[in-house]
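A short worksheet on the structure shown next.
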Amino acid sequence: MEPLYKPDGVEARWQKTWEEEGLYNAEADDHRPTFVVAHPPPNVTGELHTGHALQLSLADALVRYHRMRGFNTLFQPGYDHAGIATQNAVEKHLVAEGTTRQALGREAFEQRVWEWLHEYGGKIMVQFRRMGASMDYRRERFTMDEPYVRAVMHFFVHLYRKGWIYRANRIINWCPHHETSLSDLELVHVELDDALTYVLYPFADGSGGGVTIATARPATILGDVAVAVNPGDERWKDAVGRDVIVPFVERPVPVIADDRVDLDFGTGALKVTPGHDPLDFEIGRDHGLDEPMVVGWDGRMSEAAGELAGLTQAEADKRILAWLRERDQLVKREPYRHAVALCERCETRIEPLISLQWWCSMSELKEPALEALRERRVRYHPESQHRFAVGSLEHAPDWNISRQIWWGHQLPLWYCPDGHITVEETEPGRCADCGSSELTRDRDVLDTWFSSALWPFATLGWPEDTPDLRAYYPGSLNTTAREIIRLWENRMIFTGLELVGDVPFSDVIIHTTVLAPDGRRMSKSLGTGIDPVEIIDRYGTDATRYGLLKLTSGQDVRFSYGAIDEGRKLANKLWNVSRLILSNTSGARHGARPKETVEGWILARIEQARTELEEHLGAYDFAGAVNLLYHLTFDDFCDWYAEAIKPRLYDGDGEAQATALAALERLLKLLHPVLPHVTEEIWTNLPDRKTRLIVAPWPEPDSAHAGDPGALDRVKEAAEIFRRSGVRVPLEGEQLRIFEAVVKPERQKANGNAEAEIERLRGEIARAEKMLANDRFVANAPAQVVEAERGKLERYRRELETLGGAAESL
RNA sequence: GGGCGCAUAGCUCAGCGGGAGAGCGCCCGCUUCACACGCGGGAGGUCCCUGGUUCGAUCCCAGGUGCGCCCACCA
């Protein structure tokens, strides 16, 4: 064993061994209680980022903890086909080759996606292994696998037959680049410096005057069908019911009243363009207005724009502004900063357009899920996210499930020439209505999240009634980021209840968002991302896991190499204290034989730590857990215990050796879920190992050492006092030996002084005496607080006596 | 605009009603046979501000300020 622990070789070797020996495997016929984590399937084109690494660290720590505790553990790996994200990645690749998706055509394009995935996809599973994620990699699933596709089709047909899937012409978010609709959740908003244009719409009766509106998109004036004002707006009271003339197209439209119009924006008058604005669309529908679309699917002015057809919106803006200026109807133009919606994948500006799309009705589907959440059959951690989850589900709008991209699950809908629709899981021979065999399949594909929603059970073979499904559903835990709750978490819950009859998991951990060291979000485009593989290369996997878990305290936390380095130090420390013990215990017997105070003390400390660690892990307090492990190892095990027993180890004291091995064995078990590799490596070097640590049983409660581990307190305190003061040791027997071992190295040169320490103690004593002399304190403070204060006072007096006596004796 | 979170040592963060802490960084001393990626010692803090509750507030409450994340159709 080398003095410096080098993780690279060790970690790779264990990752290989654990997997090859089948220790990650989950078997459905294993009848122990289950612990199941269906890990979020990353995009098949994705690479590990810091969020993934954090998520894996905490999930794997819990998986390993439960595996040791005897659970039949399934940690499910896999990928998502990630519709637009993947299509976008492959399209970029095609551009580099000098071609386009359109030039290839749909079938050839799909073929290229598969080829591309075989070549470049799947990288992340290698990275998962490098994180030490103890997943059953035999069970890797992909949402485009044939059985998974069948599950998706089954789901669609199920919903359709229940009457919850319908087609409607509504305003949607259209990405002109991807030529598809997008849900609100697939957009990003960016602030833009723009202009707000005030335009006069003259009254149609020629009586002079008119209504002035404000718009950020003059080009859409061509699609105006009304002007709306708030019914409570005194300024426009007399205009309501009259007609005004839309500029440029010179069409008369009514002035209507609608309370959704904001009194405080612009002039309080809104031009109504149902074809190109969500609010206008709603107002239009409620007032029975026309829905002309003057912007087309390519984002340019459409045929309906007449002489402006084919222009870009910016060009159309200019033409319309010029027209307005000539006629003095351009009231003013002012700088205006506002947020615009972009496609999150290609950052193209989103066009709100009216389109015929497929929708999934949420009203009935969400109710059982809401009930499950309210009854806490699914619990969010932290609890604060529970309210958000419930609220977002309560207000979930109907779900636009159709997309006009090419990569994804094609809708299982067939049309005959008469327009009848046939819905089947697999291609039907003839039309269900008229028997026609001339069927054409719908070209649309499903929203990626439609298939993700099935992940916890489609990975187990659903809709078949498989042994896996029976054994591993419902699962235990899901881990995810805050913004994924509505996209995924809620949907898994309602689909699980609807299709399998139970919630997919009982607990959801919404983990910390790791920010860049400067406090901004980690993002490739900002250049603030940190590659976890680089961290692993520099510090090792164990250290990376430790550091990331240490950072899980708040809702957002800044990444810090210091936290990772702490993990590296811990692994190295553990390695070295193990060297000390292992190189001095050859032939030692088994079982702890604590004789001296420090030995009973370390066993009690480890036992206390076991209890506390179980509490931390049970509460998903990973920062607390790693903090505890660090101090247990560094302070208690190394600084005090190991230092104290060194002389006896060197002397070949068989009982001390046996106790040291037993204590180390227990310590390794507690550390394994966080630092799996270094602990397994040391474990292998312990004498007579029959099992791997990864499957070794978690320590049972140690009733023999369950007491208060305060036995060493006096010795430790005395040692610290003397270290500071440099005074000689007045202790005897065992205490003297401990003291010799701990203090000897530092005693050579005193650089504090006893008098300063005596001063400090006198100050503490005065403070405690003052508090206890305060009658109101004694009368009002809880008894144990007063008692604690008395205890401190006694302790300080005792220390002062010891120190003073020792100083005297010099 | 809404929701949530954060403000404690130079940095990253614990603590959350009765002595202000850790890791890193800094200073001093140690070639001690597990570890110099180490050991020991030390300096360094109006615990964001203002009020309130309490015998007592870094901790609880209210208001403010600053920062962050998420969400949102003010044209």
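Naming convention: chains lettered A, B, ... in sequence-line order (proteins, then strands); numbering from 1 in each chain. Fair warning: this is a prediction, and the values are worked out from it, not measured in the lab. Just the heavy atoms: all of them, side chains too, but no hydrogens, waters or symmetry mates, feed the values below.
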Exercise. Between A/Ile581 and A/Leu661, is a side-chain contact (heavy atoms from CB on, under 4.5 Å) present by the stated rule, with each step listed?
Worked result: CA-CA 7 Å; A/Ile581 292 171; A/Leu661 283 172; 4.0 Å; yes
Exercise. Got a sec, which residues hit salt bridge (Lys or Arg N to Asp or Glu O under 4.0 Å) with A/Arg558, two or more places apart in sequence or on another chain?
Worked result: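 Not a single residue meets the salt bridge (Lys or Arg N to Asp or Glu O under 4.0 Å) criterion with A/Arg558.
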For this session: With sequence neighbours left out, write down each residue that passes salt bridge (Lys or Arg N to Asp or Glu O under 4.0 Å) with A/Asp565, or none if nothing qualifies.
Result: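 Salt bridge (Lys or Arg N to Asp or Glu O under 4.0 Å) check on A/Asp565 returns A/Arg568.
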Can you tell me how far [atom1] in [N] sits from the matching atom in [M], rounded to whole Å?
| N | M | atom1 | value |
| --- | --- | --- | --- |
| B/A22 | B/A14 | P | 16 Å |
| B/A7 | B/G52 | P | 24 Å |
| B/C70 | B/C16 | P | 29 Å |
| B/C59 | B/U53 | P | 15 Å |
| B/G25 | B/G42 | C1' | 14 Å |
| B/G10 | B/C33 | C1' | 38 Å |
| B/G44 | B/U50 | P | 24 Å |
| B/C48 | B/C67 | C1' | 11 Å |

So what does [X] hit on the nucleic acid, given a heavy-atom distance under 4.0 Å: a base, only sugar-phosphate, or nothing?
| X | result |
| --- | --- |
| A/Arg482 | base |
| A/Leu515 | sugar-phosphate |
| A/Val557 | sugar-phosphate |

Exercise. Which comes earlier along RNA chain B counting from the 5' end, the contact point of A/Asn572 or that of A/Gly268, where each point is its nearest nucleotide?
Worked result: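 Its nearest nucleotide being more 5', the pick is A/Asn572.
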For this session: Could you pick out which residue, A/Leu187 or A/Ser384, lies toward the 5' side of RNA chain B when each is mapped onto its nearest nucleotide?
Result: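 Checking each residue's closest nucleotide, the 5'-ward one belongs to A/Ser384.
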Calculate the interatomic distance between [X] atom [atom1] and [N] atom [atom2]; express it in whole Å.
| X | N | atom1 | atom2 | answer |
| --- | --- | --- | --- | --- |
| A/Ile485 | B/C69 | CD1 | P | 17 Å |
| A/Glu383 | B/C4 | CD | P | 13 Å |
| A/Leu570 | B/G38 | CG | P | 12 Å |
| A/Asp621 | B/A14 | CG | C1' | 10 Å |
| A/Arg558 | B/C69 | CZ | C1' | 12 Å |
| A/Leu270 | B/A75 | CG | C1' | 5 Å |
| A/Tyr201 | B/A75 | OH | C1' | 11 Å |
| A/Leu667 | B/A34 | CG | P | 18 Å |

Among all residues two or more places apart in sequence or in another chain, which pass the side-chain contact (heavy atoms from CB on, under 4.5 Å) test with [X]?
| X | result |
| --- | --- |
| A/Asp635 | A/His631, A/Asp639 |
| A/Val188 | A/Leu342, A/Glu344 |
| A/Glu615 | A/Thr611 |
| A/Arg260 | A/Asp258, A/Leu279, A/Glu282, A/Ile283, A/Asp286 |

Exercise. Do A/Gln555 side-chain and B/C6 base share a donor-acceptor contact under 3.5 Å?
Worked result: no
When you measure from the side chain of [X], which nucleotide among [options] comes out closest?
| X | options | result |
| --- | --- | --- |
| A/Phe634 | B/A75, B/C39, B/C69 | B/C39 |
| A/Gln385 | B/G68, B/C4, B/A34 | B/C4 |
| A/Asp277 | B/C4, B/A75, B/A34 | B/A75 |
| A/Leu580 | B/C4, B/A34, B/C69 | B/A34 |
| A/Lys573 | B/G38, B/G68, B/A72 | B/G38 |
| A/Asp639 | B/A34, B/C71, B/C39 | B/C39 |
| A/Arg486 | B/A34, B/A14, B/C71 | B/C71 |
| A/Phe265 | B/A34, B/A75, B/G68 | B/A75 |

For this session: Determine, for A/Trp399 and A/Arg491, whether the Lys NZ or Arg CZ falls below 6.0 Å from the six-membered ring centre while staying within 45 degrees of the axis.
Result: yes
Exercise. Sub-3.5 Å donor-acceptor pair from the side chain of A/Glu334 to the main-chain atoms of A/Leu196, do we have one?
Worked result: no
Check nucleotides 21-24 of chain B against the protein and report each pair of N or O atoms closer than 3.5 Å, with its distance, or say if there are none.
| unit_1 | atom_1 | unit_2 | atom_2 | d |
| --- | --- | --- | --- | --- |
| B/G23 | O4' | A/Glu566 | OE1 | 3.4 |
| B/G23 | O3' | A/Lys569 | NZ | 3.0 |
| B/G23 | O2' | A/Glu566 | OE1 | 3.3 |
| B/C24 | OP1 | A/Lys569 | NZ | 2.3 |

Exercise. So what is the 5' to 3' dot-bracket string for RNA chain B, if pairs are Watson-Crick or G-U wobble with both distances under 3.5 Å, crossing pairs use [ ] and | means the partner sits on another strand?
Worked result: (((((((..((((....[..)))).(((((.......))))).....(((((..]....))))))))))))....
Exercise. Does a nitrogen or oxygen in the side chain of A/Ser553 sit under 4.0 Å from OP1 or OP2 of B/A14?
Worked result: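 So the side-chain polar atoms of A/Ser553 do come within 4.0 Å of the phosphate oxygens OP1 or OP2 of B/A14, strictly under.
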For this session: Would you indicate, yes or no, if B/C4 has its OP1 or OP2 atom less than 4.0 angstrom from a side-chain nitrogen or oxygen of A/Arg387?
Result: yes
For this session: Taking only Lys NZ, Arg NE, NH1 and NH2, and the carboxylate oxygens of Asp or Glu, determine whether A/Glu351 and A/Arg349 approach each other closer than 4.0 Å.
Result: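 Salt bridge between A/Glu351 and A/Arg349, a charged N being under 4.0 Å from a carboxylate O: no.
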Exercise. Is the shortest distance from a Lys or Arg side-chain nitrogen in A/Lys646 or A/Glu643 to a carboxylate oxygen in the other one below 4.0 Å?
Worked result: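 Answer for the salt bridge query: yes.
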For this session: If a pair satisfies salt bridge (charged side-chain N to carboxylate O under 4.0 Å, His left out) and one of its residues is in residues 265-281 of chain A, list it, with sequence neighbours excluded.
Result: A/Asp224-A/Lys271
